[in-house]
Structures are given as structure tokens and as C-alpha cells.
Amino acid sequence: MPKLISLPTFKDKRGSLTVIEKIVPFEVKRVYFIYNSEGYERGFHKHKLTKQALIVTSGSCSVFVKNSKETLNYNLDSPSKCLMLNPEDYHWMNNFKKETVLLVLASEYYDINDYLDNDS
Ligand code: T46
């Protein structure tokens, strides 16, 4: 099951500061970010090994996660929200805004053989 967590965030008159420290339950081996995806859908896969933490640092997007019983919908609309995905969480993303930047921390190096396109 995915887990949505709130990242520690410090707000004052100068703005906001969000920290990712001792909260991601894996060693981060890879970081990538997705942007300029307004009007498109992405993902539609799960993984064999890779665990991921998804954070929208600007804008917003929807993340859908399908398990054997239901489809869960997460609205990532704040940089303080972090969605933890397990390898078995079949997921896809849409509703990207023009300004959306989706930051992903991953537990494994990129490997095309780690991808599974079926949702069962
Ligand atoms: C995921 C969701 C959230 C690389 O060469 N290295 C990488 O680390 C990644 C992530 C991608 N690529 C290449 C492979 C493709 O030629 O970038 C291209 C686009 O990747 P993809 O079609 O897999 O993008 P999404 O948005 O469908 O999925 C991505 C991640 O691949 C995936 O692991 O969980 O974002």
C-alpha cells in the first residue's frame, strides 16, 4: 500500500522550508524529476524492486495507485506532501499543471528490466 506522509515544514515571513531527512525508508540511489507534462498521462507500471518517494515541488498532479481491490487517488498539491510507493504499487499520474515539477527519489538505479506494465 502507498503511504502519504507530511514532510516537516518550517514557515515564517520569509517563506517555507521543507526538509527530507531520516524519513525516506530506503537509501536514495537515483533522483529524477518530471515537468512540462501538462495534458499528458505518465507511468502505468509497477516495479520489481524499486521503491519511490514522490514530491511535487511546484504545481500539482494526481497520482493513481491500483491494487487488487481498488484504485486510490492522491492529489499532490503541496511540496510538504510525500507519497511513498512500494514496488508492487501499479501507478500512473495525470492532471499535471504547466508549472508542475514532480520530484522522485528512487531506491534503485535505472533498469528497464525492473518495470512491469501489467496491473495484476
Ligand atoms: C515511475 C514514474 C513515477 C531513464 O533513462 N532513467 C530514469 O531514471 C528514468 C526514470 C527514465 N529514463 C528514461 C526512460 C524513458 O526513455 O526516460 C524516459 C521516460 O521514462 P518513462 O516513460 O518511464 O517515464 P514515466 O513518467 O512514465 O515513469 C517515470 C519512471 O520511469 C517510473 O519509474 O515510477 O515516473
Side-chain angles (χ1 to χ4, degrees):
M1 288 290 289
K3 196 171 162 193
L4 187 64
I5 62 170
S6 291
L7 297 170
T9 296
F10 302 89
K11 294 182 184 173
D12 60 34
K13 63 183 180 188
R14 301 166 299 169
S16 302
L17 186 156
T18 295
V19 189
I20 305 171
E21 183 184 43
K22 297 180 184 171
I23 206 160
V24 177
F26 51 82
E27 180 195 349
V28 177
K29 288 188 179 162
R30 181 165 52 103
V31 177
Y32 60 92
F33 36 99
I34 292 169
Y35 50 100
N36 291 341
S37 282
E38 188 184 21
Y40 291 95
E41 294 192 294
R42 307 187 62 117
F44 297 98
H45 52 242
K46 56 188 177 181
H47 292 276
K48 292 180 187 168
L49 288 178
T50 303
K51 297 174 193 163
Q52 302 194 102
L54 278 59
I55 303 142
V56 161
T57 60
S58 172
S60 62
C61 74
S62 300
V63 182
F64 295 83
V65 181
K66 187 175 180 217
N67 64 28
S68 54
K69 292 187 185 141
E70 58 189 341
T71 298
L72 305 165
N73 179 7
Y74 298 91
N75 184 29
L76 296 187
D77 59 357
S78 163
S80 65
K81 289 184 181 178
C82 177
L83 183 63
M84 302 288 187
L85 294 181
N86 296 303
E88 67 274 15
D89 293 329
Y90 181 89
H91 61 277
W92 66 96
M93 304 83 74
N94 64 22
N95 290 327
F96 292 96
K97 306 293 181 252
K98 192 173 192 298
E99 67 276 18
T100 299
V101 179
L102 174 60
L103 174 72
V104 183
L105 313 179
S107 67
E108 308 299 326
Y109 298 122
Y110 178 72
D111 178 1
I112 188 66
N113 296 311
D114 185 62
Y115 286 67
L116 294 168
D117 293 334
N118 61 314
D119 63 5
S120 54

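Note that the structure is a prediction, hence the values are computed from the model and not measured. Order of listing sets the numbers, starting from 1, for every ligand and every atom in it.
Atom 21 (P) of ligand 1 has its closest protein heavy atom at Arg42 NH2, 4.4 Å. Given atom 11 (C) of ligand 1, the protein heavy atom at minimum distance is Tyr110 CE1, 3.7 Å. Nearest protein heavy-atom neighbour of atom 27 (O) of ligand 1: Gly43 N, 2.8 Å. The closest protein non-hydrogen atom to atom 28 (O) of ligand 1 is His45 CE1, 3.3 Å.
Between His91 and His45, the ring-plane angle classifies as perpendicular under the 30° and 60° cut-offs.
Under the 4.0 angstrom criterion, atom 17 (O) of ligand 1 counts as lacking any protein heavy-atom contact. There is a protein heavy atom less than 4.0 angstrom from atom 33 (O) of ligand 1.
Every atom of ligand 1 with a heavy atom of Arg30 under 4.0 Å away is listed here by number and element: 7 (C), 8 (O), 9 (C), 10 (C). The ligand atoms of ligand 1 that sit less than 4.0 angstrom from a heavy atom of Tyr115 are 10 (C), 23 (O), 30 (C), 31 (O), 32 (C), 33 (O). Of all atoms in ligand 1, numbered sequentially from 1 with element shown, those under 4.0 Å from a heavy atom of Met93 are 2 (C), 3 (C), 26 (O), 35 (O). The contact set between ligand 1 and Ile34, taken as ligand atoms under 4.0 Å from a residue heavy atom, comprises 26 (O), 35 (O). For ligand 1, the atoms lying closer than 4.0 Å to a non-hydrogen atom of Gln52 are 1 (C), 33 (O), 34 (O).
Across the listed options Trp92, Phe33, Tyr32, Tyr32 owns the non-hydrogen atom lying nearest to atom 2 (C) of ligand 1.
When each of Val31, Leu54, Val56, Ile34 is paired with Leu103, the side-chain contact (heavy atoms from CB on, under 4.5 Å) condition holds for Val31 and for no other.
A side-chain donor-acceptor contact under 3.5 Å links Asn95 and Ser62. When only modelled atom types and interatomic distance are considered, Thr18 and Thr9 share a side-chain donor-acceptor pair under 3.5 Å.
Cation-pi geometry between Lys29 and Tyr109 is met: under 6.0 angstrom from the ring centre, within 45 degrees of the axis.
In this structure, Tyr115 has its ring center closer than 6.0 angstrom to the ring center of His47.
Note on ligand 1: Phe44 sits outside its first shell, no heavy atom being nearer than 4.0 Å.
Using modelled atom types, one side-chain atom of Ser58 and one backbone atom of Glu99 make a donor-acceptor pair closer than 3.5 Å.
When side chains are defined from C-beta on, Leu49 does not count as touching Pro87, because their heavy atoms never get closer than 4.5 Å. At a threshold of 4.5 Å between non-hydrogen side-chain atoms, the residues Leu105 and Gln52 do not count as touching.
Looking at Thr50 against ligand 1, nothing comes within 4.0 Å, counting heavy atoms.
Considering both main-chain and side-chain atoms, Leu54 never comes within under 3.5 Å of ligand 1 through any nitrogen or oxygen pair.
The hydrophobic clustering, which links ILVMFWY residues whose side-chain heavy atoms are closer than 4.5 Å, places Val65 and Met93 together.
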